[in-house]
Amino acid sequence: MPLDTVKNIVLVLSGKGGVGKSSITTQLALTLSLQGHSVGVLDIDLTGPSIPRFFGIEDSKVRQAPGGWIPVPVHDAQAPLSPRDSTTTTAQNSIGALSCMSLGFILSSRSDAVIWRGPKKTAMVRQFLSDVLWPDNLDYLLIDTPPGTSDEHISLLETLLKTCTPSQLSGAVVVTTPQAISISDVKKELNFCKKVGLRVLGVVENMAGFICPNCSECTNVFSKGGGEIMAKEFEVPFLGSIPIDPAFVYLIEEGIRPVYPQGTVIAGKEVGSQDQEKPTSFSANGHVSKEQTSGLLVDKYRSCSLSPLFDGIVSTLVTDIASRRAVS
């Protein structure tokens with residue numbers, strides 16, 4: 001099977017809709033790529049495939065090849081950027097190749113409704129797992145899932161447990177938001193993982209704060225800390241809290257490199273521009289420089305305030321996965 005060439009498979013799960021699983025999956029993929037790993041993203045949210053939109057490749061289509069489908073490339077492997085070509089001052093690593101597969105590439109229009117019963121969903125998930133020709137020696141395959149514990153999840157886990165080795169199926173990253181109503185639903189997902197024997201790599205608390213685009217404040221709109229309490233209750237790792245950043249939305253929707261007002265501090269780190277007192281206007285009439293719109297998505301993501309947070313999360317995951325593979 002094509003999955004034989006994949007070294008590590010990581011599921012992104014949540015028992016609650018609207019917590020930002022696709023956003024988390026996208027940033028995990030970009031960060032893994034920035035750390036030099038080759039990455040694939042499989043979107044099995046059949047009724048709401050949003051991965052093509054997140055990576056800016058909605059107009060792309062999958063290609064047929066003998067034996068299956070070729071996933072859509074987001075970018076090829078890149079050599080390290082020279083300081084002259086980069087807007088950041090940090091040392092540049094080589095960038096790993098990134099590709100995606102989603103039902104969104106197969107639908108004739110992104111507005112088409114997918115009205116399928118369980119058996120057809122199950123068949124589609126199995127086809128995604130058996131017919132997508134991922135690149136050889138793919139380091140990480142991230143699987144973005146729909147909310148809940150429905151047909152797609154059961155079919156996904158049944159197929160993976162039958163076809164993958166224990167070392168291949170690394171585990172799951174569980175996403176929640178801080179509110180109590182979200183925590184109560186996500187607890188069901190943790191129980192699901194426990195019942196099916198899927199290791200939980202950790203919990204990410206999304207939307208824990210709001211980064212104001214006009215000042216240097218980060219306000220806890222939805223409170224904070226519920227995800228960490230839940231992780232302690234279930235004795236699983238807590239990977240971190242991620243705030244809402246409008247600049248990340250502009251990056252995804254309009255391809256604009258994030259810029260922050262001077263004095264913006266996220267998780268104790270200064271991310272505001274030292275030579276700009278006010279953030280760049282992102283309105284239709286606002287001036288946006290060529291430097292903010294040019295370049296790969298993965299490179300522009302380096303300037304996002306969320307990038308250092310995910311760099312820490314991904315480093316923790318990579319170390320954990322590597323240590324467990326060494327033991328097994």
Answer yes or no: is there a donor N or O on one side and an acceptor on the other, between the side chain of [X] and the main chain of [Y], under 3.5 Å?
X	Y	result
Thr122	Gly118	yes
Lys300	Gly255	yes
Ser323	Thr319	yes
Glu58	Gly56	no

Decide yes or no on side-chain contact (heavy atoms from CB on, under 4.5 Å) for His153 and Thr145, but give the supporting numbers first. CA-CA 7 Å; His153 298 78; Thr145 65; 3.8 Å; yes

Reported [atom1]-to-[atom2] distance for the pair [X] and [Y], which is rounded to 0.5 angstrom:
X	Y	atom1	atom2	answer
Met101	Ile106	CE	CD1	4.0 Å
Ile183	Glu205	CD1	CD	6.5 Å
Ile24	Ile313	CD1	CD1	7.0 Å
Ile211	Asp245	CD1	CG	4.0 Å
Leu142	Asn8	CG	CG	10.0 Å
Thr176	Glu189	OG1	CD	10.5 Å

Are the side chains of [X] and [Y] in touch, meaning some heavy atoms are under 4.5 Å apart?
X	Y	value
Pro71	Phe105	no
Ser99	Pro135	yes
Met230	Val186	yes
Leu306	Pro243	yes
Leu103	Val114	yes
Met207	Gln179	no
Asp299	Arg257	yes
Ile244	Val249	no

Are [Y] and [X] linked, directly or through intermediate hydrophobic residues, by side-chain heavy-atom contacts shorter than 4.5 Å (ILVMFWY only)?
X	Y	value
Leu156	Leu161	yes
Leu309	Val174	no
Leu133	Val74	no
Leu251	Val41	yes
Ile252	Val72	yes

Let me have the donor-acceptor pairs involving side chains of residues 42-55, under 3.5 Å, with sequence neighbours excluded, atom names and distances please.
residue, atom, partner, partner atom, Å
Asp43, OD1, Asp45, N, 3.0
Asp43, OD2, Ser50, N, 3.3
Asp43, OD2, Ile51, N, 3.4
Asp43, OD2, Ser102, OG, 3.1
Asp45, OD1, Gly48, N, 3.4
Ser50, OG, Ser22, OG, 2.9
Arg53, NH2, Glu253, OE1, 2.6

Taking all atoms of both residues into account, what is the closest heavy-atom pair of [X] and [Y], and its distance?
X	Y	answer
Gly96	His75	O-NE2, 3.0 Å
Ser14	Val19	OG-CG2, 3.4 Å
Tyr260	Ser305	OH-N, 2.8 Å
Val298	Leu30	CG2-O, 3.8 Å
Ser33	Val39	N-CG2, 3.9 Å
Val12	Leu28	CG2-CD1, 4.2 Å

side-chain hydrogen bond (donor to acceptor under 3.5 Å, both in side chains) contacts touching residues 309-318 (sequence neighbours left out):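 Listed by first then second residue: Gln35-Asp311, Gln35-Ser315.
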
Qualifying ring-ring contact (aromatic ring centres under 6.0 Å, His included) pairs with a residue from residues 114-151, counting only residues at least two apart or across chains: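 Found His37-Tyr140, Trp69-Phe128.
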
For a side-chain contact (heavy atoms from CB on, under 4.5 Å) check, start with the C-alpha distance between Leu160 and Ile143, then their side-chain angles and the critical distance, and finish with the verdict. CA-CA 11 Å; Leu160 290 177; Ile143 302 181; 4.2 Å; yes

Val318 and Leu32: side-chain contact (heavy atoms from CB on, under 4.5 Å), yes or no, with the steps? CA-CA 9 Å; Val318 169; Leu32 282 165; 3.8 Å; yes

I'd like to check the side chain to side chain contact (heavy atoms under 4.5 Å, CB included) partners of Thr165; sequence neighbours left out, ordered by chain and number.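 Applying side chain to side chain contact (heavy atoms under 4.5 Å, CB included) to Thr165 gives Ser167, Gln168.
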
For a quick test of your reading: what N or O donor-acceptor pairs under 3.5 Å do the side chains of residues 190-203 make, sequence neighbours left out?
residue, atom, partner, partner atom, Å
Asn191, ND2, Lys187, O, 3.3
Arg199, NH1, Asp320, OD2, 3.2
Arg199, NH2, Ser170, O, 3.3

List the residues meeting salt bridge (charged side-chain N to carboxylate O under 4.0 Å, His left out) with Asp139, not counting sequence neighbours, and say none if there are none.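 Result, salt bridge (charged side-chain N to carboxylate O under 4.0 Å, His left out) vs Asp139: Lys7.
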
